[in-house]
Amino acid sequence: MGIIFNEKEKQFHIFNKSLSYVIGICEDGDIGQLYFGKPIRTDQKLHDYQSYGIRPLCCNEKDDEKYTKELALLEYPAFGDGDFGSSAYEVLQENGSRVTKFTYQFHRIYKGKAPIPGLPATYTNEDEEADSLELVCRDLISGLEVTLCYTVWENYSAICRHTKLKNTGDKKLKIEQALSCNVDFPDTKFTWLQFEGAWGRERSPKERDISSGITAIESLRGHSSANYNPFVIIKRKNTDELQGEAFGFNLVYSGNYIAKAQADTFGKLRFNMGINPKWFQWPLEPGEEFNTPEVIITYTSNGLNDLSQNIHRLMNNNLVRSAYKNKPRPILLNNWEATEMDFDEEKILKIASKGKEAGVELFVLDDGWFGKRNDDFAGLGDWYVNTDKLPDGISGLSKKINELGLKFGLWIEPEMVNEDSDMYRQHPDWVLAAPYRPRTLGRHQMVLDYSKPEVVDNIYNQLYEVISNASIDYIKWDMNRSITECYSQDVDKNQQGMVYHKYIMGVYSLYERLRKAFPHILFESCASGGARFDAGMLYYAPQAWCSDDTDGHERVKIQYGTSYGYPVSMVGSHVSASPNLQTHRAMTIDDRANVAYYGTFGYELDLNEISEEDFESVKEQIKFMKEYRELFQYGNYYRLQSPFENNISAWMVVSDDKQTAIVTTHKTENIPNWGIERIKLQGLNPDIVYTINDKDDIYGDYVMNAGISLMNKERNWYESDGDYTTHMYILKGKVTK
Ligand code: GLA
């Protein structure tokens, strides 16, 4: 790994053992992109991409220039010059001009990685893990300074990028667009893979052709959204799970964003990503600076499983910060689907006691414990206990739960307020609302104006009071509506374009304060399930409720799709009641658990209500998960057969030493008299004999190259079970040749 500056050729070579990323100072002082892909030598001149000569209708600053901007591959293209492509930034100057032209000034190369003030970002544990480059450019007329920041990692095929904009002049500037990164590819033979859905069906992979023009996704909901996740893969057309080239882009941000690919008519593909410029305006006074969020750019030449594993490792080791970082997650029992808001202390203790009997480690009290919260019309904003339901308060209940031998966790939704709440009655100006217009509701609630520090302070103080007076080990932080009428009341009109970004910065600041005040607490983020499931949240909360859809069959798809861009340790997954609340589909308790194991694992039902036989199964499941959870949560995860394309889907995890692996298959429909069905496994040691489910002994080379049969006499489960069924294969290494 390293970053080398070739003074003579004016090239920077950013590299490690699996990638090279080369950029150079162009003839006009702009920063050009020279190469991104498999490792190449560091000592060669690579300027050939940039020398296209003058073309008709192309506009160059000097008539005799050899270098044509429109054909150049650029690192951070400006607006208003001869590039004409989708620009990475736009800055309005006092005289009304949006034209800028930055030129290279100086650079800094250093070990480690600097934090990004106020924003989530990857970090180094030791300086030796990464090298960083800051490339400082300046527009000499406006004084706008643009610093392109890069970090390359020793252990991951990844580069992290963000950009800093600073006003070094003496006049006001206004940023109207500042994306995090731009990557120009010298050809367009790629496809685009996005992860889309809606409430209850988040993050399904959807491949789109990149054809001439723009391919894009975005969010304008104020949160990253269940609809389009801020993670995109740009891949070669023939790249699959096991081979081929692909580039992953994870935005480390939870607010409005855009990701865009522009295939131009000269055969160049431009990809850029960052804060959505729609209704974004950031005034920059002389001396002020603005940092964009970070993008994690991953690269593979070995297929999508390799790309994902790389992301998983990077996130687990260098993005998650928590007492639970790389630690097994507690098995929890959450009361939401069991009681919703209709509970009292007795009911809660009864549910928790049964959980303890089953082996659960943490009990989580969900929505309904505060203010006048008996339904979703009231209470949000009033973070004091409802003593009608819990006479001894959260403090008393948490102690009683601890006495049962369980840790105690609590649900909060601190960004919202109901009209029927003391907080709203006292502070109607604390919600986002446009002047003279109705206040749009979502789930009967309004969004608090987190761009105002006094609002964040008030919520912090209320929560501090509850948490510090009780025994709380876990917090589920929910967010159940999107932002509309994003307007900060009684605030200057010139600052309204800052509100979306300031809002999410306010959310991050509250997370940071609570994390610092209560470092032992395990945070789980949630947004009506998975509507804010992103790398930004992962920096504050190491796990996230993946979806409100807890149906086992739907979860196969949701979790499979999620695995492309996020680690299993992040995936909040619970076994809930059958028939399922959302889909009314019935699945056995073991089938439901077999899917939920690939996540943080827990239960979301009243264990008093299930049959004795099922309860015995739950006890076994918890014992099993305690034995294998490190493997499930931190093992190397492989997608084997997609539920989006096959009747039988399969996935697996393998330990780092390749001695243990667990494979799960899921069948949607039981089709009579079905044909041959084999699944080829991945990531094993070819020279080890594995015992499968304590029965068959098979070499790794065979199960990887020939596969395991799902149809032999022990496993002919087409005959023995029906629709929506799962099977699990536990492989244990026996002898090394
Ligand atoms: C959201 C969450 C659920 C639950 C409810 C409570 O929908 O996703 O898990 O916490 O809110 O109101």
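These numbers were taken from a predicted model, which means no experiment stands behind them. Ligands are counted one by one from 1 in listed order, and the atoms in each one are counted from 1 as well.
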- Item | Sub-4.0 Å atoms of ligand 1 with respect to non-hydrogen atoms of N480 | 1 (C), 7 (O), 11 (O)

- Query: According to the interplanar angle, ranging from 0 to 90°, do the rings of W651 and Y560 count as parallel (below 30°), tilted (30 to 60°) or perpendicular (above 60°)?
  - Reply: perpendicular

- Task: Classify the angle between the aromatic ring planes of F370 and W411 as parallel (below 30°), tilted (30 to 60°) or perpendicular (above 60°).
- Result: parallel

- Relative to the ring of F518, is the ring of H520 parallel (under 30°), tilted (30 to 60°) or perpendicular (over 60°)? perpendicular

- Message: Can a side-chain donor-acceptor contact be found between Q462 and N458 if the only test is distance below 3.5 angstrom?
- Response: yes

- Verdict with supporting geometry, S482 and H223, side-chain contact (heavy atoms from CB on, under 4.5 Å): CA-CA 7 Å; S482 301; H223 54 107; 2.7 Å; yes

- Task: Heavy-atom contacts with K476 under 4.0 Å: which atoms of ligand 1 show up? List them by number with element.
- Result: 3 (C), 4 (C), 9 (O), 10 (O)

- Task: Look at atom 2 (C) of ligand 1 and find which of N334, T550, D478, D376 reaches it with the closest heavy atom.
- Result: D478

- Message: Parallel, tilted or perpendicular: which one describes the rings of F632 and Y598, with boundaries at 30° and 60°?
- Response: perpendicular

- Query: Going by the order shown, which atoms of ligand 1 are within less than 4.0 Å of some heavy atom of C526?
  - Reply: 2 (C), 8 (O)

- Task: Taking the six-membered ring for Trp and the full ring for Phe, Tyr or His, determine whether the centres of Y511 and W477 are under 6.0 Å apart.
- Result: yes

- Message: For ligand 1 and E604, I'd like to know whether there is a polar contact (N/O to N/O, distance under 3.5 Å).
- Response: no

- Query: Backbone or side chain, does any N or O of R373 fall under 3.5 Å from an N or O of ligand 1?
  - Reply: no

- Is there a heavy atom of R443 sitting under 4.0 angstrom from any atom of ligand 1? yes

- With a 6.0 Å cut-off on ring centres, are Y566 and Y564 close enough? no

- Task: Determine, considering heavy atoms only, which of I412, D548, D366 sits nearest to atom 6 (C) of ligand 1.
- Result: D366

- Query: Do any nitrogen or oxygen atoms of G529 lie less than 3.5 angstrom from nitrogen or oxygen atoms of ligand 1?
  - Reply: yes

- Minimum-distance protein heavy atom relative to atom 5 (C) of ligand 1: W336 CE2, 3.6 Å

- Message: Can you name the atoms of ligand 1, numbered from 1 with element, that are less than 4.0 Å from a heavy atom of D367?
- Response: 6 (C), 12 (O)

